Number of protein chains: 2
Amino acid sequence: MKYTEARQQLIRTWGQLSTHWGISRTMGQIHALLMVSPDPMTSDQIIEELKISRGNVSMSLRSLVEWGIVHKTFIPGERKEYFASEKDVWKMALQIARERKRRELDPVIQSMQHLQAINPDSASAREVDELNKMTTQILDVAMQVDKMLDIGIRSGGQTFVRKLISVLR
Amino acid sequence: MKYTEARQQLIRTWGQLSTHWGISRTMGQIHALLMVSPDPMTSDQIIEELKISRGNVSMSLRSLVEWGIVHKTFIPGERKEYFASEKDVWKMALQIARERKRRELDPVIQSMQHLQAINPDSASAREVDELNKMTTQILDVAMQVDKMLDIGIRSGGQTFVRKLISVLR
DNA sequence: CAATGATTTCAACAAAGATTGAAACAAAAG
DNA sequence: CTTTTGTTTCAATCTTTGTTGAAATCATTG
């Protein structure tokens, strides 16, 4: 397989994949492009390469920076801003896990905590009971997963998963 | 907090959440409704409760069944189909993990395997090198996560996470 | 501080995704 | 076989999300 093909396919695949994760296709493509680029890139280079609008590039880059997986870098004597992706895929995965935990898991925990202690108005005991069982279970699962992610994040991805696999096989 | 409120909030929250996960809001709501319902429900009851169209309910239920977290059940002497959710949240989480692995992780592994062994056409050594480093890393991470999920799935969620937390703290 | 170059914002537009509802289909009952 | 009841399909429509491009903002330079 030729370099240019392979590179394009990676960008396409990553863009495709990203849509399954609440991230726009363009963001995914930009991220892939930065991952495989040996040097930081300017927005103009990205526009050129992916044929997308300046506005879109600007917004996507900002969002990638907010996710913490792309960094602005300044090159001495250069006026333009340069962007580079995190190159360590484990670090990247952890950073994504950390953000998703914050954006998705933490709110669930909050929400389920509010739903504890129900006052059975017109409902039957069975109904109240079932609802309680569910919220309690969901809270339990969410809190344990949360704890697990904390540990994983603290100990660094590779170490964590390696240990884990060796311990639990 | 009153029962009816709490129930509605759970349904709203779950529907909201589901959109972050490539699942439509309606599907999430139906799932929440089935989770807290002590008895299996017919599509008519779901339509009534959530005020959504028959077609939507039919398609969403099918999809939930494909995900393996909702089951059709037949009640003797009844002509209608009844649907019930998996009630064990750990089982549910595992089933979702299993499906997501199949739908999202496995394709990445496949794709990265295709991208190994690049023929440097017009590209510089640095560029080829960077691309190779990336695809190799991604493949590595994906395969380890895959292995981890396999172990987790085999040993059952609760056991898995409990062990893991206790071992790695 | 005016001019130039770079970046961001945002209203208008486009694309993708979700939902509806009515027609087609399937299964059981009379 | 016909009717009744229940389920699925799918084109049309609505909703949500993503994208563009030009104007506004910001920053640097002479």
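Just so we're on the same page: letters track the sequence lines, and every chain starts at 1. As the structure is a prediction and not an experimental result, all values here were calculated from the model.
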Could you check how far [atom1] of [X] sits from [atom2] of [N], rounded to whole Å?
| X | N | atom1 | atom2 | value |
| --- | --- | --- | --- | --- |
| B:K80 | C:dA27 | NZ | P | 18 Å |
| A:I23 | D:dT17 | CD1 | P | 15 Å |
| A:W21 | D:dG18 | CH2 | C1' | 21 Å |
| A:Q16 | C:dA16 | CD | P | 11 Å |
| B:R79 | C:dA26 | CZ | P | 15 Å |
| A:M27 | D:dG18 | CE | P | 10 Å |
| B:M59 | C:dA18 | CE | P | 10 Å |
| B:R54 | C:dA24 | CZ | P | 17 Å |

I want to verify a distance call: between C:dT19, C:dT7, D:dT20, whose nearest atom is closest to the A:N56 side chain?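 For A:N56, the side-chain atoms sit closest to D:dT20.
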
Close side-chain approach of B:M41 to B:Y82, heavy-atom, < 4.5 Å: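 No. Closest side-chain heavy atoms not under 4.5 Å.
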
Could you tell me whether the phosphate oxygens of C:dT19, OP1 or OP2, come under 4.0 Å of any side-chain nitrogen or oxygen in B:S24? yes

Under-4.0 Å side-chain N/O to phosphate OP1/OP2 contact, B:T42 with D:dG6: no

If you assign each of B:T26 and A:S58 to its closest nucleotide in DNA chain C, which residue comes earlier from the 5' end?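 Mapping each residue to its closest nucleotide by heavy atoms, the 5'-most match is A:S58.
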
Is it the case that atom CZ in A:R98 sees more than 12 heavy atoms from other parts of the structure closer than 6.0 Å?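 Enclosed: over 12 neighbouring heavy atoms sit under 6.0 Å from CZ of A:R98.
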
Just by distance, with hydrogens left out, do B:W90 and A:Q137 show a side-chain donor and acceptor under 3.5 Å apart? no

Please find the pair of heavy atoms, one from A:K2 and one from B:I118, that lie closest to each other, and give the distance. C-CG2, 4.2 Å

Classify B:S43 by what it touches in the nucleic acid, base, sugar-phosphate, or nothing, heavy-atom distance under 4.0 Å. sugar-phosphate

